[in-house]
Each structure stands twice: as C-alpha cells, then as structure tokens.
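Notes follow the structure.
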Amino acid sequence: MPTIHEKVSLQPYNSLALPAVAEYFCAVRTTVELFAALEFARSKNLSVTPLGGGSNIVLAGDIAGLVLSVELKGLSHKVMGQAVEVTFSAGENWHDQVLHCLKQGWYGLENLSLIPGNMGAAAIQNIGAYGVELADLFVSLTAIDKQSGAMVKFDKAACDFGYRDSLFKNIGRDRYIIVDITLALSTEPKVNIQYPALQTAIDKYADSVAAITPELVSAMVCEIRSAKLPDPNIIPNAGSFFKNPIVPQVQASALSQQYPHMPSYPQVNGDFKVPAGWLIEQCGLKGAVRGPVGVHQQQALVLVNSGGGSGAQLLALADEVRTAVSQRFEIDLEIEPRVYGD
Ligand code: EPU
C-alpha cells in the first residue's frame with residue numbers, strides 16, 4: 001500500500017506555485033500502488049484527482065478527496081522497419097523523453113522539445129508546438145476507468161483529439177487515469193520546419209550546417225522557447241493561459257482590414273485561428289502587473305505568478321484579460337489549463 005498523507009500542500013506540485021491543500025495525497029509509482037490508492041478512495045468515498053507534472057493546472061482552492069501524483073516510470077519500444085512504436089509510462093517527463101528518443105535515433109518529437117509536464121497529461125490537452133501536435137504521432141493509450149476499475153485501451157480515433165482538446169477534457173473528463181501512451185516515431189530523420197518562427201531560426205544556420213537534422217530542430221525549438229517563454233522553475237507559469245481563438249472567415253477578414261498586421265492562420269474548414277497573445281498585446285496588457293501576478297513581458301499568452309499570488313488573484317487577472325479582448329475584438333478567450341478547487 002502506498003503511503004497516504006493528509007493535508008498536503010500542493011504548492012510544489014503545480015508549476016504556477018499556487019497555494020492549495022489536498023485533503024489526502026498519495027504518490028504512486030506502480031499500477032499496483034495506483035489500484036491500492038483507488039481502493040482506499042473507494043472505501044472512504046473520496047473523489048480522486050490525478051496529477052501529472054502540474055504544468056497545466058490552476059489551483060483556485062483546496063482539493064477535497066484524494067490527489068494522486070502519478071509517478072509511473074519506464075518505457076518500451078518496438079521497431080518495424082523504419083517505424084518505432086514507443087510506449088511511455090504516464091509519469092515520465094516529456095522533455096527528458098524527447099531527448100532520450102533523439103539519442104536513440106527515434107525521430108518525430110523534436111518540434112515538441114522543452115514542453116513542461118509528463119507523458120500522460122500530454123494526451124489530455126493534445127500538446128502542440130511549432131507545427132506538430134501530439135495527435136500527429138499518437139497510436140494509443142492505456143487508462144484506468146475510475147467508474148469500473150478496468151484498464152481500457154484508446155486508439156487515436158477514440159481519443160477525439162482537437163486543438164488543445166481531447167475526449168479527456170470533455171465526456172471523459174474526471175473518468176480516466178492515464179497509465180501509458182504509445183507514439184509512432186521513425187528512424188528516418190525527416191524534419192518539419194514550416195512554422196515561421198522555426199524557419200527563421202533555422203535560416204541562421206542554413207549555410208553552416210551540412211543538413212538540417214532533428215537535433216538542430218530540437219536545439220532551435222529550445223532556443224525559441226527559452227527566449228519567449230518563462231522557465232516555470234524561475235517564474236511560475238502554466239504556459240499558454242488561453243487557447244488561440246478560432247473565428248469565422250467573415251470576422252477574420254473584417255479584423256484584417258482594421259488591423260492589417262494581425263497574424264492569422266487558415267483552418268481546414270475556412271475559419272481562421274488568431275493568436276491570443278497578439279490580441280492581448282493590442283489591449284495594452286503585455287507585461288501588465290497586478291500585485292503578485294502578471295502578463296509575461298515576452299509572450300502575452302502566458303500569465304505568471306512571480307510574487308507568491310493566489311489562484312483567485314490569477315483568475316481575476318484572467319478575467320481582466322478576457323474582458324479587455326472581448327470589448328475590443330468581440331472575441332471570447334477560453335482558458336487553456338484546467339481549473340481545480342473553485
Ligand atoms: N504574438 C504577439 N504578441 C505576443 C505573443 C504572440 O504579437 O505577446 C504573435 C507573434 O508575433 C506571432 C503569433 O502571435 O505572430 C504567434 O505567436 P507564437 O509563435 O509565440 O505562438 P502562440 O500562438 O502565441 C502557440 C501555442 C504555444 C506554442 C506556440 C508555438 C497555443 C495556446 N499556444 O502560441 O503553446 O509553443 O504556438 O507553436 O496554441 C502552450 O500551449 O503552453 C504553448 C506554449
């Protein structure tokens with residue numbers, strides 16, 4: 001039986017460093033421990049909240065029931081010609097595994113370098129960056145269904161992935177605990193450098209390198225991210241705090257006429273994705289400071305907690321940002337991380 005603690009501070013377990021207390025807390029390192037912890041929760045009729053790396057959550061208050069820190073480790077792989085299927089335990093750190101795969105010569109994850117968090121949570125919000133998203137590489141995952149206690153396998157279609165979205169944020173919300181995820185990588189070093197900022201960064205090296213390798217792509221992604229996005233270990237944050245809104249074509253073209261420099265990205269259905277960071281910057285809120293919390297100076301999409309602020313202070317700032325964007329652009333911003341304890 002894993003040790004179950006009472007009244008545990010969750011401040012070290014969330015990258016925004018927000019203060020909150022778990023009624024019960026347990027770290028599980030094996031599936032046997034995980035099942036034992038679930039049995040404990042069942043016996044006491046407690047709700048169960050699984051935690052991954054804590055890099056995409058906002059703790060608005062204390063959490064009743066059992067908080068489970070999912071620390072399952074390990075990976076296995078299968079090689080089939082140039083294809084490599086790798087199964088990662090949910091508690092493995094995402095970026096450590098990106099680097100591990102690069103070292104093995106298993107390519108495909110390089111554009112997703114330096115994303116904070118763990119492998120399991122990556123599937124919940126379908127992490128994406130620099131032209132690649134998890135769904136592009138996804139094969140399947142295994143999860144425990146909290147309702148039945150059974151292990152369930154989900155293939156890619158069953159996960160219903162969308163932009164920063166999946167079944168686990170919708171009808172599967174609060175029902176499953178992800179145990180492992182399987183991704184399809186390749187031993188063939190194909191690179192994807194279509195994303196404008198990545199292309200610009202690579203161009204600097206185009207003359208001095210023999211080939212644009214996945215290792216170079218990974219290094220460039222790390223360079224761009226480090227320049228723009230605050231390191232959560234230094235300035236607590238949860239990455240993008242809002243999703244980039246998707247607006248109908250007619251609204252996008254009206255906005256482009258009014259703001260010719262507004263970046264926008266066409267979607268397959270004719271809608272346009274508009275960068276929330278740009279909208280927030282136009283509202284004059286980039287770098288805004290509200291006591292202990294603020295809008296990051298280099299990337300307006302990121303809210304930071306630099307002075308020991310609370311979830312309520314952070315959410316008040318998020319409301320201010322949403323109101324400003326709505327009043328100026330008639331666009332509703334959606335909060336990207338999951339809010340708990342409100
Ligand atoms: N922009 C501004 N002002 C800002 C921020 C951005 O004008 O303060 C403009 C940029 O100049 C650029 C455009 O907005 O023209 C897009 O900016 P960027 O490339 O920085 O990407 P993003 O759309 O702001 C998204 C993801 C990031 C991901 C990057 C790169 C979401 C919600 N965010 O940000 O993901 O790293 O693209 O692919 O989709 C995360 O999810 O935590 C995250 C960091």
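When a ligand or atom number is given, it counts from 1 through the structure's own listing order.
- Checking Leu301, Leu285, Leu198 against atom 34 (O) of ligand 1, the nearest heavy atom belongs to Leu301.
- Heavy-atom contacts from other residues, nucleotides or ligands closer than 6.0 Å to CD of Gln297 number 12 or fewer.
- Remark: ligand 1 and Ala238 share no N or O pair separated by less than 3.5 Å (distance only, no angle test).
- Nearest non-hydrogen protein atom to atom 36 (O) of ligand 1 is Arg225 NH1, 3.4 Å.
- In Lys228, the part holding a heavy atom less than 4.0 Å from any atom of ligand 1 is the side chain.
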Pair Arg322-Asp332, salt bridge (charged side-chain N to carboxylate O under 4.0 Å, His left out): steps then yes or no: CA-CA 7 Å; Arg322 294 182 72 217; Asp332 288 330; 5.5 Å; no
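- Atom-to-atom distance recorded for Ser218:OG and Leu99:CG is 6.0 Å, nearest 0.5 angstrom.
- Crowding of Gln194 atom CD: a count of heavy atoms from other residues, nucleotides or ligands under 6.0 Å not exceeding 12.
- Contact annotation: for Pro263 versus ligand 1, heavy atoms closer than 4.0 Å belong to the side chain alone.
- The aromatic rings of Phe329 and Tyr259 sit tilted, their planes meeting at an angle between 30° and 60°.
- Nearest to atom 25 (C) of ligand 1 among the protein's heavy atoms is Asn244 ND2, 4.0 Å.
- Those atoms of ligand 1 that come under 4.0 Å of a heavy atom in Lys286, given as number and element, are 3 (N), 4 (C), 8 (O).
- Interface of Gly239 with ligand 1, defined as ligand atoms under 4.0 Å from a residue heavy atom, comprises 42 (O).
- Using cut-offs of 30° and 60° on the angle between ring planes, the pair His77 and Trp106 is tilted.
- Interface atoms of ligand 1 facing Tyr163, defined by a heavy-atom separation under 4.0 Å, are 31 (C), 32 (C), 39 (O).
- Atom CD1 of residue Ile193 and atom CD1 of residue Ile202 lie 5.0 Å apart, to the nearest 0.5 angstrom.
- Under the 4.5 Å side-chain heavy-atom criterion for ILVMFWY residues, a single connected hydrophobic cluster contains both Phe35 and Leu46.
- Distances between N or O atoms of Gln298 and those of ligand 1 include no value under 3.5 Å.
- Salt bridge present: Arg29 and Glu71 bring a charged side-chain N and a carboxylate O closer than 4.0 Å.
- For atom 43 (C) of ligand 1, the nearest non-hydrogen atom from the set Ser240, Ala276, Ser264 belongs to Ser240.
- In terms of protein heavy atoms, atom 1 (N) of ligand 1 is closest to Trp278 N, 3.9 Å.
- Using a 4.0 Å cut-off between heavy atoms, Glu281 contacts ligand 1 through its side chain alone, with no backbone atom that close.
- The residue among Glu133, His261, Arg164, Lys243 with a heavy atom at the shortest distance from atom 26 (C) of ligand 1 is Arg164.
- Other residues, nucleotides and ligands contribute more than 12 heavy atoms inside 6.0 Å of the NZ atom of Lys73.
- Using cut-offs of 30° and 60° on the angle between ring planes, the pair His5 and Phe25 is tilted.
- Enclosure of atom CG in Asn269 by more than 12 non-hydrogen atoms of other residues, nucleotides or ligands within 6.0 angstrom is indicated.
- At a heavy-atom distance under 4.0 Å, only backbone atoms of Phe242 (N, CA, C or O) approach ligand 1.
- No more than 12 heavy atoms of other residues, nucleotides or ligands shown are found within 6.0 angstrom of CD on Glu330.
- Taking 4.0 Å as the cut-off, Lys273 does not count as a neighbour of ligand 1 on heavy-atom distance.
- Looking only at heavy atoms of the protein, atom 14 (O) of ligand 1 is closest to Pro275 CB, 3.2 Å.
- Counting protein heavy atoms under 4.0 angstrom from atom 7 (O) of ligand 1 gives one or more.
- Residue-ligand proximity, Ala300 to ligand 1, at heavy-atom distances under 4.0 Å covers atoms 4 (C), 8 (O).
- The protein reaches atom 31 (C) of ligand 1 closely, with a heavy atom under 4.0 angstrom from it.
- The distance criterion of under 3.5 Å between nitrogen or oxygen atoms is met by Tyr130 with respect to ligand 1.
- Nearest protein heavy-atom neighbour of atom 24 (O) of ligand 1: Gln299 NE2, 3.0 Å.
- Not a single heavy atom of Phe241 sits closer than 4.0 Å to an atom of ligand 1.
- Looking at Ser186 and Glu188, their side chains never bring a donor and an acceptor atom within 3.5 Å of each other.
- Nearest non-hydrogen protein atom to atom 16 (C) of ligand 1 is Tyr265 OH, 3.6 Å.
- Looking at Gln97 and Val86, their side chains never come closer than 4.5 Å, going by heavy atoms from C-beta outward.
- Of the polar atoms of Tyr195, at least one N or O is found under 3.5 Å from an N or O of ligand 1, judged by distance alone.
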